[in-house]
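Everything on this sheet refers to the single structure shown next.
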Amino acid sequence: MKTATVRCYPRLHVGLVDLAGATHRRFGGAGFMIAACETVVEARPEPRETLCGFDNREHRAMLDVQEALARLRREFDIPPMRLTIREAPPEHIGLGSKTTLVLCALVAALSAAELPLHRTTIQKASGRGGASGVGVHAFFDGGFIVDAGHKGARGAPLLPSGATAPQSVPLLAVRHTVPEDWRFVLAIPEGCGQFSSTREVQFFRDNTPVPKEECLQNLATLYHGVLPAVQQADLSLLRESLGELHRCGFKARELAAQPDVVKRVLGVLSPVSRVAAGLSSLGPVVYAVCSQEDVGHVSSILGTVSDVAVLVVGPRNSGFEVHVQ
């Protein structure tokens, strides 16, 4: 038995697509993995199971890890573990921190017990990916992820990933390398209200189903706009496509629910011609994609918005890292 340390990175979520039953699939969407705001979890076998480092997180986070470990133990003989969160970004700001935390914990426990890391088994045991498949795939692959969601289920509730027990892993449609010279300038509003798990569920209930024509428009924008923009390193097309996604469908509703500071950030970025900007998930993090040459200009613009922290990061084109000793 060993001590295992797992490090992984967050994702920026571009948007969900089908929340109306407009296609043969439910949900689906896209997102980028970035090389900052790591989650680091350490595991080592001990006589009694202990979870440490959860003091500043929702009680639900600890329960989710415990439940995921219980599901994993149906497949593997994993001894009791001391699991410790060494680093983790805040919850409910748009970085998918719950998904990375649960997946990190599972990989750390398996690695400490010197057991194989079966991707699909880990993804299923995590209980994540009920809506978006970006996080559960980016954890392993990094880069730009497009998922095709789940098989259609007429009448099933449309709920966020953490509130839905997925019957299968969301289908990975595309994984593509993000241009290494792209930079993501994050604007992180300070002190504004965040969407708790309960509030997020209520938001989905209040704002779905989305009109079918808007879902189809988002689908077209994603596959004939955002995806080719990444594949061809075309920031102008990415800018135009992200703008379209934020004007209709579920993303428009997510944006409308944001505090004024988020709208001010997107407002100051809007006139900048070489920048593609968007709201990650339910926010409040806003990301601005630009070239390395424009980082200083974009950062200075965001510096004019009060109560916003600015962080410049690069893409992460590979998945988690594990160190065993």
So, taking the atom named CZ in R247 and the one named CG in N218, what distance separates them when rounded to the nearest 0.5 Å? 11.0 Å
Quick one: are P284 and V261 in side-chain contact, heavy atoms under 4.5 Å? no
Is any side-chain N of the basic residue among R264 and D260 closer than 4.0 Å to the acidic one's carboxylate O? no
Residues H297, C290; criterion side chain to side chain contact (heavy atoms under 4.5 Å, CB included); working and verdict: CA-CA 10 Å; H297 179 50; C290 63; over 6 Å; no
Say whether, by atom type as modelled, one donor and one acceptor occur between the side chain of R86 and the main chain of V40 under 3.5 angstrom. no
Counting only N and O atoms by type, is there a donor-acceptor contact under 3.5 Å from the side chain of S299 to the main-chain atoms of G296? no
Measuring from atom OG1 of T84 to atom CG of L51, what distance do you get when rounded to the nearest 0.5 angstrom? 8.0 Å
More than 12 foreign heavy atoms under 6.0 Å from NZ of K263: is that the case here? yes
Could you give the distance from CG (L282) to CZ (R199), rounded to the nearest 0.5 Å? 8.5 Å
Distance, nearest 0.5 Å, that separates CG of L95 from OH of Y9: 14.0 Å
Within 6.0 Å of CG in D206, more than 12 heavy atoms from elsewhere: yes
Does any non-hydrogen side-chain atom of Q258 lie less than 4.5 Å from one of V286? no
Indicate yes or no for a side-chain donor-acceptor contact from H150 to the backbone of G130 under 3.5 Å, with no hydrogens or angles considered. yes
Looking at L186, V178, L311, which one forms a side chain to side chain contact (heavy atoms under 4.5 Å, CB included) with I34? L186
Is the shortest distance from a Lys or Arg side-chain nitrogen in E214 or R253 to a carboxylate oxygen in the other one below 4.0 Å? yes
Would the number of heavy atoms belonging to other residues, nucleotides or ligands and lying under 6.0 Å from CZ of R60 be above 12? yes
Which atom pair, heavy atoms only, marks the closest approach of G53 to I85? O-CD1, 3.6 Å
What about L101 and L63, same hydrophobic cluster or not, with Ile/Leu/Val/Met/Phe/Trp/Tyr joined at side-chain heavy-atom distances under 4.5 Å? no
Can a donor-acceptor pair be found, under 3.5 Å and without considering hydrogens, that links the side chain of K251 to the backbone of E244? no
Using a 4.5 Å cut-off on heavy atoms from C-beta on, say whether the side chain of E91 contacts that of K98. yes
Only pairs at least two apart or in different chains count here, so list each salt bridge (Lys or Arg N to Asp or Glu O under 4.0 Å) that has a residue in residues 295-323. R316-E321
Test your reading of the model: is there a side-chain donor-acceptor pair from R82 to the backbone of R48, 3.5 Å cut-off? no
salt_bridge(R119, D141) N-O dist < 4.0 Å: yes
Is it possible for you to say whether V65 and I78 belong to one hydrophobic cluster, with membership spreading through side-chain heavy-atom contacts below 4.5 Å? yes
Is the F320 ring parallel, tilted or perpendicular to the F140 ring (thresholds 30°, 60°)? perpendicular
For Y287 and F184, take the angle between the two ring planes, folded into 0 to 90°, and tell me which bin it lands in: parallel under 30, tilted 30 to 60, perpendicular over 60. tilted
Donor-acceptor pair, T100 side chain versus P10 backbone, under 3.5 Å? no
For residues V226 and L238, determine if any side-chain heavy atom of one lies less than 4.5 Å from a side-chain heavy atom of the other. yes
Are the side chain of H13 and the backbone of G96 linked by a donor-acceptor contact shorter than 3.5 Å? no
Side chains of S236 and E240: any donor to acceptor distance under 3.5 Å? no
Give me the atom names and distance for the closest heavy-atom approach of C104 to R7. SG-C, 4.4 Å
CG-CZ distance between L171 and F27, expressed to the nearest 0.5 angstrom: 15.0 Å
Do you know the tightest heavy-atom contact between L222 and A30? CD1-CB, 3.5 Å
Taking side chain as C-beta onward, heavy atoms only, is D234 less than 4.5 Å from P228? no
T198 side chain reached by Q202 side chain, heavy atoms, under 4.5 Å: no
Under 4.0 Å between a Lys/Arg side-chain N and an Asp/Glu carboxylate O for R73 and E49? yes
If you group Ile, Leu, Val, Met, Phe, Trp and Tyr by side-chain heavy-atom gaps below 4.5 Å, do V136 and M33 land in one group? no
Set out, in order, the CA-CA distance, both residues' side-chain angles and the distance that settles side chain to side chain contact (heavy atoms under 4.5 Å, CB included) for H323 and S111, then state yes or no. CA-CA 9 Å; H323 177 67; S111 300; over 6 Å; no
Audit row: L16, S132, side chain to side chain contact (heavy atoms under 4.5 Å, CB included) steps and yes/no: CA-CA 7 Å; L16 293 168; S132 170; 4.0 Å; yes
Is there side-chain contact between L255 and L266, with at least one heavy-atom pair below 4.5 Å? yes
Side chains of E67 and V102: does their closest heavy-atom pair fall under 4.5 Å? no
Look at the side-chain heavy atoms of Ile, Leu, Val, Met, Phe, Trp and Tyr, link any pair under 4.5 Å apart, and say whether L19 and L216 land in one connected group. no
Looking only at non-hydrogen atoms, find the nearest pair between L12 and V285 and report the distance. CD2-CG1, 4.4 Å
So, does R175 use its side chain to make a donor-acceptor pair with the main chain of G142 at under 3.5 Å? yes
Could you tell me whether the side chains of T121 and E75 share a donor-acceptor contact shorter than 3.5 Å? no
Could you give the distance from NZ (K124) to CG (L72), rounded to the nearest 0.5 Å? 13.0 Å
Give a yes or no on whether the ring-centroid distance for F203 and F250 is below 6.0 angstrom. yes
Those residues at least two apart in sequence (or on a different chain) that pass salt bridge (charged side-chain N to carboxylate O under 4.0 Å, His left out) with R44 are E42, E46
Output yes when a side-chain donor or acceptor of D147 lies under 3.5 Å from a complementary backbone atom of G29, and no otherwise. yes
H137 (side chain) donor-acceptor with V169 (main chain) under 3.5 angstrom: no
Smallest heavy-atom separation, A277 atom then L269 atom, equals CB-CD1, 3.8 Å
Is there a chain of hydrophobic side chains (I, L, V, M, F, W, Y, each step under 4.5 Å between heavy atoms) that links I145 to Y223? no
Closest approach of S273 and R239, non-hydrogen atoms and distance? O-CD, 3.2 Å
Passes side chain to side chain contact (heavy atoms under 4.5 Å, CB included), V210 versus K212? Steps please. CA-CA 6 Å; V210 175; K212 289 185 178 181; over 6 Å; no
